[in-house]
Each structure stands twice: as structure tokens, then as C-alpha cells.
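The structure appears below as C-alpha cells.
Here the structure is a predicted model, which means the values were calculated and not measured.
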Amino acid sequence: MSNEFAGEKTDFPVVKTEAQWRSILTPFEYHVLREAGTEPAGTGSLIGEKRSGVYHCRACNAKLFTSEKKFESFCGWPSFFDPDEADALLYVDDYSLDRYRIEVRCAGCNSHLGHVFDDAPHTPTGKRYCMNSVALRFVPQGE
């Protein structure tokens, strides 16, 4: 996991005004991606996705995860043990629920994706990237 935290980064490849983000995202996508919201556990469309393919940021289309690094964590959100590229993600200290978590953001556009936890010892990295389905766009292999 990269040590680069989003608070230290000020230049992003994809920059839009809030009005532009609102024009390309649904209200719920905007809430999750731009306001660090979350979808209710167990409701995301990508939880049970089993096909081979690539998961992209819904806001800027940056490549984030591959299906080979997805696993069933039974947490209610799609989970991955490693990003496709180390520099695809940024990390933010998050104390919003009166406990420490690490927020995960897209390095391409600074959109909120979810959180990462060190509670998956059965994976190669020990990490669980717990992502919101609405923050991702899945592209099946060959498309």
C-alpha cells in the first residue's frame, strides 16, 4: 500500500467542478463518490460479480482492481486484497465513526471509493479493500 495520502496530493489527472460532477453522476453516485457516502451493506450490484474483468472508478474511469484480486469477505461490499497498480489509490485518515479507519480514494480524480482494513489474513496481502459498488464500473474481460 502506497504511503501517499490524499491530503498531500493537490493535482489530479481528472479535475471537474462540482456542477460538472453532478451532471455526469446520479445523485447517489455523487453522494458516495464526491461526499464520501456509502451504500447500505448487501445492496451493491457488484458483490456477487464472479466474471473475469476489470473494476474502474465510476467517476473518471481509472483502472482500480482486477477480478483476480477480488474475494468474498461477507462484509456486505465488494472486497479486494490489492489494487491493480500501487499508485491507483490514495489513502486518508478517517475518524468519522469515532474510530480510526483508512479511507480509499481514486488517485485519478480524488473520489471516495471505500475503506481498507488489515483484517484478511487469508489473502496474499492481509488487506480487505471494502469498496462501494456504486463507486465502481465493472468491465467484463473481452469487452
Side-chain angles (χ1 to χ4, degrees), residues 1-16 18 20-22 24-143:
M1 184 164 74
S2 166
N3 289 327
E4 184 166 24
F5 278 73
E8 299 169 4
K9 184 176 172 90
T10 57
D11 59 326
F12 294 92
V14 178
V15 178
K16 296 184 184 304
E18 293 310 304
Q20 289 171 320
W21 285 123
R22 286 184 187 278
I24 64 170
L25 299 170
T26 68
F28 188 59
E29 290 168 349
Y30 182 88
H31 173 64
V32 172
L33 288 155
R34 305 307 303 168
E35 298 176 327
T38 191
E39 61 196 9
T43 64
S45 63
L46 297 175
I47 296 170
E49 180 60 64
K50 304 280 190 230
R51 296 175 290 172
S52 294
V54 177
Y55 295 83
H56 297 261
C57 174
R58 183 169 302 275
C60 74
N61 205 36
K63 186 177 178 183
L64 302 174
F65 299 98
T66 61
S67 57
E68 291 80 19
K69 296 178 180 179
K70 186 175 189 253
F71 70 100
E72 181 56 67
S73 68
F74 304 101
C75 70
W77 293 272
S79 297
F80 304 85
F81 60 81
D82 209 16
D84 185 55
E85 298 290 334
D87 61 353
L89 305 175
L90 298 174
Y91 306 92
V92 178
D93 291 329
D94 179 0
Y95 296 92
S96 64
L97 295 180
D98 294 326
R99 62 184 168 102
Y100 178 70
R101 299 181 298 166
I102 299 174
E103 178 188 358
V104 177
R105 294 188 186 175
C106 173
C109 65
N110 199 29
S111 287
H112 171 77
L113 303 169
H115 291 84
V116 62
F117 303 94
D118 289 319
D119 63 1
H122 60 289
T123 69
T125 63
K127 306 270 185 217
R128 175 174 55 96
Y129 287 81
C130 187
M131 303 290 100
N132 288 285
S133 289
V134 72
L136 304 174
R137 184 176 65 81
F138 176 69
V139 178
Q141 186 174 354
E143 289 186 21

side-chain hydrogen bond (donor to acceptor under 3.5 Å, both in side chains) filter on S73, not counting sequence neighbours, yields S79
Under the ring pair (Phe, Tyr, Trp, His ring centres under 6.0 Å) test, residues paired with F74 that sit two or more places apart:
none
Is there a side-chain contact between I24 and K16 in this structure, where contact means two heavy atoms from C-beta onward sitting under 4.5 Å apart?
yes
For K70, what residues pass the side chain to side chain contact (heavy atoms under 4.5 Å, CB included) criterion, not counting sequence neighbours?
E49, Y55, P78, F80
Closest heavy-atom contact between L113 and L64?
CD1-CD1, 3.7 Å
Roughly how far, to the nearest 0.5 Å, is OH of Y129 from CZ of F65?
6.5 Å
Salt bridge (charged side-chain N to carboxylate O under 4.0 Å, His left out) partners of E85, counting only residues at least two apart
none
Any chance you could measure D94, atom CG, to R99, atom CZ, to the nearest 0.5 Å?
8.5 Å
The reported gap from CD1 in I102 to CG in L90 (rounded to nearest 0.5 angstrom) is 12.5 Å
Output yes when a side-chain donor or acceptor of R58 lies under 3.5 Å from a complementary backbone atom of V134, and no otherwise.
yes
Please enumerate all residues that pass ring pair (Phe, Tyr, Trp, His ring centres under 6.0 Å) together with H56, with sequence neighbours excluded.
none
Could you report the tightest heavy-atom contact between P40 and F28, atom names first, then the distance?
CD-CZ, 4.5 Å
Does the ring center of Y100 lie less than 6.0 Å from the ring center of Y95?
yes
Going by the rule ring pair (Phe, Tyr, Trp, His ring centres under 6.0 Å), which residues pair with F117 if we only count those two or more places apart in sequence or in a different chain?
none
For S45, all residues meeting side chain to side chain contact (heavy atoms under 4.5 Å, CB included), sequence neighbours excluded
S133
To the nearest 0.5 Å, what is the distance between NZ (K127) and CZ (F71)?
11.5 Å
So CZ of R101 and OG of S96: to nearest 0.5 Å the spacing works out to 4.0 Å
All side-chain hydrogen bond (donor to acceptor under 3.5 Å, both in side chains) counterparts of D119, not counting sequence neighbours
R128
Smallest separation among heavy atoms of G108 and P13, with atom names
O-CD, 3.3 Å
Quiz: residues 30-38 side-chain donor-acceptor pairs under 3.5 angstrom, not counting sequence neighbours:
| unit_1 | atom_1 | unit_2 | atom_2 | d |
| --- | --- | --- | --- | --- |
| Y30 | OH | E18 | OE1 | 2.5 |
| H31 | ND1 | E35 | OE1 | 3.1 |
| R34 | NH1 | C109 | O | 3.1 |
| R34 | NH1 | S111 | OG | 2.9 |
| T38 | OG1 | N132 | OD1 | 3.0 |

Show me the side-chain donor-acceptor pairs of residues 135-143 shorter than 3.5 Å, one per line, residues at least two apart or across chains.
| unit_1 | atom_1 | unit_2 | atom_2 | d |
| --- | --- | --- | --- | --- |
| R137 | NE | N61 | OD1 | 3.2 |
| R137 | NH2 | N61 | OD1 | 2.1 |

Partners passing salt bridge (charged side-chain N to carboxylate O under 4.0 Å, His left out) against E39 (at least two apart in sequence or in another chain):
none
Salt bridge (charged side-chain N to carboxylate O under 4.0 Å, His left out) filter on K63, not counting sequence neighbours, yields D84
